[in-house]
Trainee: 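The following block contains the structure, expressed as structure tokens.
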Amino acid sequence: MTSTYLNQRELKGFLKLADVMIPGEGDLPSFSSTNFVNFIDLVLEEVNDTDLGDLKFLFGLLAIMPNFLIHWSMLFVENFQIGPDFLKGNLAKIEIGLKGIIYSLYYSRLPDHNADGDKIFKVLGWETNIPGLQKQNNTQKEKELCNGGERPAQFL
Amino acid sequence: MENKIYDVIIVGAGVSGSFIADQLTKEGMKCLMLEAGPFLDKDTYPTHEVVTSSKMYWSGGIELNKNASLAFLRPKVVGGGSIVNQALLDRFDEEAFGDWRSKSSISYLNNKDMASWYDQAESKISIQTIPENVRNRNAKIFLKGMEQNGFSAKALTRAQSGCEYEKGNDCIECLSGCRIDSKQSMPVTTLKSALDQGLKLVSLFEVKNIKTSGDGVEISGIRNKKDVKKFKAKKLVLAAGAIGNSLLLLRSGFKDSNPSIGENFYTHPQYMSLGVYKDPVNSFKSAFQSVKSDDPKFRKWGFKLENVFAPPAGLSMLIPGHGKAHVGDMRKIPYMACIEVAVRDTNPGKISIDNKGRTVIDKKLNSEDKKRRDKGIEIINNIFSSTGAEKIIKGNTAIGLHLMGGCVLGTDANKSVTNPEFNLHSSKNVFIADSSVFPSAPGINPSLTIMALSIMASQNIISGF
Ligand SMILES: Cc1cc2nc3c(=O)[nH]c(=O)nc-3n(C[C@H](O)[C@H](O)[C@H](O)COP(=O)(O)OP(=O)(O)OC[C@H]3O[C@@H](n4cnc5c(N)ncnc54)[C@H](O)[C@@H]3O)c2cc1C
């Protein structure tokens with residue numbers, strides 16, 4: 001488990017939160033029992049420096065928080081309705097930001113050692129096809145393409 | 001700095017940029033197009049949603065308004081919105097143009113004068129009406145519910161050339177780019193012809209600054225997050241979209257000479273609801289969006305209903321909560337139908353930058369907008385209830401996909417940014433004709449009108465040479 005942006009403690013905090021969000025149930029694996037954390041840099045490399053600093057601080061904090069407190073905090077963030085606009089806004093930003101990272105890694109059919117991505121899609125009943133095309137499953141290639149490994153800048 | 005002086009530099013390879021590039025290069029003009037996103041194609045579009053959102057949209061997927069009540073999806077890829085959008089095309093009606101005329105005082109904004117520009121835009125792409133026989137159960141539920149509640153609906157018209165649903169194609173996949181080149185995205189239509197006609201395109205190039213002088217423009221930016229480069233041209237076309245254009249002009253110090261930059265920002269805020277049924281709905285199969293509301297009452301009430309769906313990661317953001325309850329709802333995806341209300345918003349927002357240079361989007365719903373939203377949601381609930389939904393899930397996140405305004409058209413330089421000839425009020429060398437020039441929210445899909453305005457603006461650019 002490595003990341004260019006998060007240290008081991010921050011990764012531990014991230015995984016604790018991710019398991020509160022996706023604890024695993026029946027035939028659906030918990031977040032931490034998959035290898036999706038290995039793809040976290042896909043998302044983090046697009047986050048600006050200020051937000052990344054905030055995320056690192058938060059994950060570091062979560063690493064030492066008990067799970068029940070993380071769960072309560074999430075409930076608080078999700079249900080906070082009263083209070084000043086700026087506080088509501090900041091809590092909503094935290095909720096959307098954290099869910100965005102965790103859910104998009106879990107529900108993207110990413111390839112991992114156990115083919116968990118495929119399993120999850122099967123359990124969800126998500127079956128889409130374009131029969132004439134082969135299913136691609138080369139996330140590293142996709143990432144490279146989007147980060148400049150694609151066609152050369154034309155005519156420069 | 002490259003020594004060459006181009007005739008025109010175009011910032012943004014989206015809908016407007018591509019249409020303009022096609023027109024200008026056809027006349028033999030030497031054009032350079034600069035685009036911040038990657039240049040992908042049918043063989044390289046992402047197949048994992050997290051890659052799509054993090055690499056084909058700005059800011060890693062979504063941008064939020066100040067109080068995080070609205071999430072904006074802003075494409076960042078060669079082809080812009082035409083790669084990831086649903087490609088639904090509609091001409092504006094007199095209601096939309098009437099509002100534009102009253103806000104801008106521009107008389108050509110009417111159906112009659114715009115007709116020939118629409119004709120030209122439509123001739124550049126293949127447009128098809130989605131046939132009845134490919135409607136999935138999501139569409140059938142929508143149609144039945146609309147009928148039972150006394151409202152009319154009709155088939156959608158889409159920029160596509162042959163989706164071959166009968167072969168079993170599930171077109172929700174094309175929200176990450178169409179892998180069979182049926183969707184009429186810019187790289188297979190106008191951008192393709194512009195490239196064939198000699199357009200130079202640099203992808204992964206984020207323009208950071210614009211300088212204008214009497215005889216031309218100088219553009220600087222960063223390629224691939226590391227190499228700083230500068231280019232010069234006689235004229236500049238800003239086609240970076242509503243947020244992109246506003247930010248570029250603000251960061252380049254144009255606010256003093258154009259006080260309205262960033263003002264009048266609209267988004268058609270969209271609220272999705274999910275109806276959960278006893279039997280499978282499989283909303284993700286076949287043509288995942290094929291019908292729409294077509295009721296004159298909705299136009300009067302200021303919203304439209306769309307019969308949509310989203311891939312799993314997108315749905316996970318709509319479904320409220322976390323933990324086992326959230327997973328429990330995710331398991332019901334095959335049993336879900338989905339309808340969204342898109343509000344024709346009346347309350348203008350504002351795009352600005354804070355003292356650290358960060359983007360700030362101040363956009364709220366006023367009481368009229370909330371009334372429109374709530375009326376739409378009430379009708380959606382009635383549609384679901386009358387068609388046997390066992391549970392209704394109100395979407396957690398409101399989204400803005402139609403990002404419009406910020407550099408609006410008008411005759412008054414104090415209230416608008418772009419003049420009727422599509423020039424920045426303060427510079428004859430800068431042209432804008434993309435979604436940022438919309439004076440208000442039309443309540444109708446914007447792309448076709450962006451195409452028409454872009455062709456119109458191109459004629460002005462060409463005649464100035
Ligand atoms: C999911 C989705 C579905 C949609 N469905 C529909 C639909 O069905 N029908 C419809 O009419 N509309 C739809 N839209 C909206 C439509 O796609 C947009 O209105 C349209 O693309 C706007 O065109 P544009 O030329 O103004 O900007 P865009 O097409 O967004 O292009 C702007 C380009 O400029 C680039 N850019 C921005 N800043 C810079 C910079 N500083 N340097 C270099 N490049 C820059 C961006 O990366 C982008 O590629 C949808 C949008 C989304 C996101």
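All of these numbers come straight from a predicted model, not from anything done at the bench.
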Trainee: Under 4.5 Å heavy-atom distance to chain A, tell me which part of B:Lys285 shows up: side chain, backbone, both or neither.
Mentor: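 When you check distances to chain A, only side chain atoms of B:Lys285 fall under 4.5 Å.
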Trainee: Between B:Lys225 and A:Glu45, does at least one N-O distance fall below 4.0 Å, as a salt bridge requires?
Mentor: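 So B:Lys225 does not pair with A:Glu45 through a salt bridge.
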Trainee: Examine distances only and state if a side-chain atom of A:Glu10 and a backbone atom of A:Asn7 form a donor-acceptor pair shorter than 3.5 Å.
Mentor: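 Between the backbone of A:Asn7 and the side chain of A:Glu10 there is a qualifying donor-acceptor contact (under 3.5 Å).
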Trainee: Report the option among B:Gly168, B:Gly61, B:Gly60, B:Gly314 that has the most heavy-atom pairs separated by less than 4.5 Å from atoms of chain A.
Mentor: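 Highest number of pairs under 4.5 Å: B:Gly168.
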Trainee: Using heavy-atom distances under 4.5 Å, tell me whether B:Pro311 contacts chain A through its side chain, its backbone, both, or neither.
Mentor: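 When you check distances to chain A, atoms from both the backbone and side chain of B:Pro311 fall under 4.5 Å.
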Trainee: Please rank B:Glu49, B:Lys356, B:His326 by heavy-atom pairs under 4.5 Å with chain A and give me the top one.
Mentor: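 Of B:Glu49, B:Lys356, B:His326, B:His326 has the most heavy-atom pairs under 4.5 Å with chain A.
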Trainee: Can we say A:Asp27 and B:Arg331 salt-bridge, meaning some charged N sits less than 4.0 Å from an Asp/Glu carboxylate O?
Mentor: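 Salt bridge: yes.
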Trainee: Given B:His322, which partner from the list A:Lys99, A:His71, A:Glu95 fulfils the side-chain hydrogen bond (donor to acceptor under 3.5 Å, both in side chains) test?
Mentor: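 Option passing the side-chain hydrogen bond (donor to acceptor under 3.5 Å, both in side chains) with B:His322: A:His71.
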Trainee: With a distance cut-off below 6.0 Å to the six-membered ring centre and an angular limit of 45° from the axis, does A:Arg9 pair with A:Phe14 as a cation-pi contact?
Mentor: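 Verdict for A:Phe14: no cation-pi partner in A:Arg9.
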Trainee: So which part of B:Ser59 gets closer than 4.5 Å to some heavy atom of chain A, the side chain, the backbone, both or neither?
Mentor: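 Only the backbone of B:Ser59 comes within 4.5 Å of chain A.
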Trainee: Tell me, for A:Val20 versus chain B, whether the close heavy atoms (under 4.5 Å) come from the side chain, the backbone, both or neither.
Mentor: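 Answer is both: backbone and side chain atoms of A:Val20 are under 4.5 Å from chain B.
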Trainee: Which residue out of B:Met330, B:Lys66, B:Lys324, B:Lys167 racks up the most heavy-atom pairs below 4.5 Å with chain A?
Mentor: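 That would be B:Met330.
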Trainee: Once the angle between the rings of A:Trp72 and A:Phe68 is folded into 0 to 90°, is it parallel (under 30°), tilted (30 to 60°) or perpendicular (over 60°)?
Mentor: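 Rings of A:Trp72 and A:Phe68: perpendicular, over 60°.
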Trainee: Quick check on A:Glu25 against chain B: is it the side chain, the backbone, both or neither that has a heavy atom closer than 4.5 Å?
Mentor: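 For A:Glu25, backbone and side chain are both near chain B.
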Trainee: What part of B:Lys226 lies closer than 4.5 angstrom to a heavy atom of chain A: side chain, backbone, both or neither?
Mentor: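 Contact with chain A involves no heavy atom of B:Lys226 at all.
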Trainee: Ion pair present between A:Asp118 and A:Lys122, side-chain N to carboxylate O less than 4.0 angstrom?
Mentor: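 So A:Asp118 does not pair with A:Lys122 through a salt bridge.
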Trainee: What part of A:Phe86 lies closer than 4.5 angstrom to a heavy atom of chain B: side chain, backbone, both or neither?
Mentor: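 Neither part; nothing is under 4.5 Å.
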Trainee: Heavy-atom pairs under 4.5 Å with chain B are the metric here; pick the option from A:Gly100, A:Gly24, A:Gly89, A:Gly26 that has the most.
Mentor: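 Ranked by heavy-atom pairs under 4.5 Å with chain B, first place is A:Gly89.
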Trainee: Which answer fits A:Ile120, side chain, backbone, both or neither, if we ask what part of it has an atom under 4.5 Å from a heavy atom of chain B?
Mentor: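 Neither part.
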Trainee: Please tell me whether B:Ser54 and A:Glu46 have a donor and an acceptor in their side chains that are separated by less than 3.5 angstrom.
Mentor: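 Not at all, the side chains of B:Ser54 and A:Glu46 share no donor-acceptor pair under 3.5 Å.
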Trainee: NZ of A:Lys119: more than 12 outside heavy atoms within 6.0 angstrom?
Mentor: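 Atom NZ in A:Lys119 is packed in, count exceeds 12.
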Trainee: Checking B:Asn65 against chain A: side chain, backbone, both or neither under 4.5 Å from a heavy atom?
Mentor: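 For B:Asn65, backbone heavy atoms alone lie under 4.5 Å from chain A.
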